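Values reported hereafter were calculated over all heavy atoms of this structure, with side chains retained and with hydrogens, waters and symmetry mates removed. The structure presented is a predicted model; accordingly, all values stated were derived computationally and were not measured.
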Amino acid sequence: MRQILMPTDFSENAKNAISYALELFKYERSSFYFLHAYQDAIYNNPKLTRTNLEVVTKSVEDFVANKLEETLAFVEELSPNPRHSYQVLAANNTLVDEAANMVQSHNIDVIVMGTRGETNNPKIVFGSHTLQVLKYVPCPVLAIPENYTYTQPKHILFPTNLLIPYKRRELKLLCEIAAPYRSKIDVLYVSKSDKLSMRQEDNFMFLKDVVSQNQIELITESHSDITEAIYKNIEKRNTDMLVMVNSRQSFFETLLMQSPIDKLSLHVGIPFLVMQNVYRN
């Protein structure tokens, strides 16, 4: 049974991410947890004082409870799938802390959320909550762009420098997402040299072995700009999903370091799966 955490702020972007996830995992037995963490809503309330904290908290809790009921009704109408179970959760906590707690306590396989939330600032790639989850929660995150219409992930692009000893659990997730759709996985290596070291060759062979159910191809490309190389290959290969690994010495870390965190240079209009290269039970 796949365990899927879906943080929601009740925005249209969140609903779109829910719709995508329900369709993507429609063939798999899955438990979906729809989570809203509301601590920020309490402390950001302009009417909050020390004397009315309980009143403001109760007001927020009632609002969240109603919204979660609406979310559950929306989900059950959209996808009355016998393979799926649904649960709504509210937490007086920050999203990052509660998501991390859920990953640990419910053995979450993947977090699915919109790239941007309620504020939906078109000048940023990821909303602050999505970026915090990407950076600090030890779990794969699948980020869905606003207004993205579901398309089967037939073509998956996986840019990597092949320096990372991949974790089998996260690669297994990639394999299981790709397998039902007979997806082709293009592993993109961008470097000034097209020759792989022994470590890189071993990492690629391990990757190829784990995702053996799918066609996989290694593409080496000489380019001075990783972002431009990714864009070029997304367009050239009609890519339906971008996959990267968040780890020291990874392409994803390089992209994060190129610019301030709220101005990440990689603007992708397709689902973006970020796998976390950390130890998990």
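- A side-chain donor-acceptor contact under 3.5 Å links D97 and T94.
- Judged purely by atom type and a 3.5 angstrom limit, Q200 uses its side chain to pair as donor or acceptor with the backbone of N161.
- Taking NZ of K26 as the start and CZ of R83 as the end, the distance is 9.5 Å to the nearest 0.5 Å.
- Atom NZ of K184 is surrounded by more than 12 heavy atoms from other residues, nucleotides or ligands within 6.0 Å.
- For the atom pair L162 CG and L207 CG, the distance stands at 7.5 Å (nearest 0.5 Å).
- Y20 pairs by the side chain to side chain donor-acceptor pair (under 3.5 Å) definition with nothing, not counting sequence neighbours.
- Side-chain contact check for E221 and N233: at least one donor-acceptor pair (N or O, by modelled atom type) lies under 3.5 Å.
- The nearest pair of heavy atoms linking E98 to N93 is OE1-ND2, 3.0 Å.
- In this model, a donor atom of one side chain and an acceptor atom of the other lie less than 3.5 Å apart for E61 and Y38.
- Checking T49 against N52 by side-chain atom types alone, a donor-acceptor pair falls below 3.5 Å.
- Here the CD1-CG distance, from I270 to L157, works out to 7.0 Å after rounding to the nearest 0.5 Å.
- The CG atom of L72 lies 10.0 Å from the CD atom of Q87; values are rounded to the nearest 0.5 Å.
- Within the 3.5 Å criterion, the main-chain N or O of T8 finds a donor-acceptor partner in the side chain of H36.
- Contact record, I177 with Y181: O-CD1, 3.3 Å, taken as the closest heavy-atom pair.
- F10 does not carry K15 over the face of its six-membered ring by the limits of under 6.0 Å from the centre and within 45° of the normal.
- Here the CG-CD distance, from L24 to Q152, works out to 9.5 Å after rounding to the nearest 0.5 Å.
- Linking Ile, Leu, Val, Met, Phe, Trp and Tyr whenever their side-chain heavy atoms come within less than 4.5 Å leaves M6 and M1 in two separate clusters.
- Nearest heavy atoms, V110 versus F25: CG1-CZ, 4.2 Å.
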Residue pair Y33, Q3: steps toward the side-chain hydrogen bond (donor to acceptor under 3.5 Å, both in side chains) verdict: CA-CA 8 Å; Y33 301 91; Q3 308 295 316; 2.9 Å; yes
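- Counting heavy atoms of neighbouring residues, nucleotides and ligands inside a 6.0 Å radius, atom NZ of K172 does not exceed 12 of them.
- Across all their heavy atoms, S183 and N214 have their closest contact at O-ND2, 3.0 Å.
- Between the side chains of N13 and S11, no donor-acceptor pair of N or O atoms lies under 3.5 Å.
- Between the side chain of T57 and the backbone N or O of V55, no donor-acceptor pair lies under 3.5 Å.
- T130 and T115 form no side-chain donor-acceptor contact under 3.5 Å, judged by distance and modelled atom types alone.
- Taking both residues in full, the closest heavy atoms of I108 and C139 are given as O-SG, 3.7 Å, listed atom of the first, atom of the second, then distance.
- Residue L188 holds its CG atom at 10.5 Å from CZ of F158, rounded to the nearest 0.5 Å.
- The closest donor-acceptor contact from the side chain of D240 to the backbone of I156 lies at 3.5 Å or more, if one exists at all.
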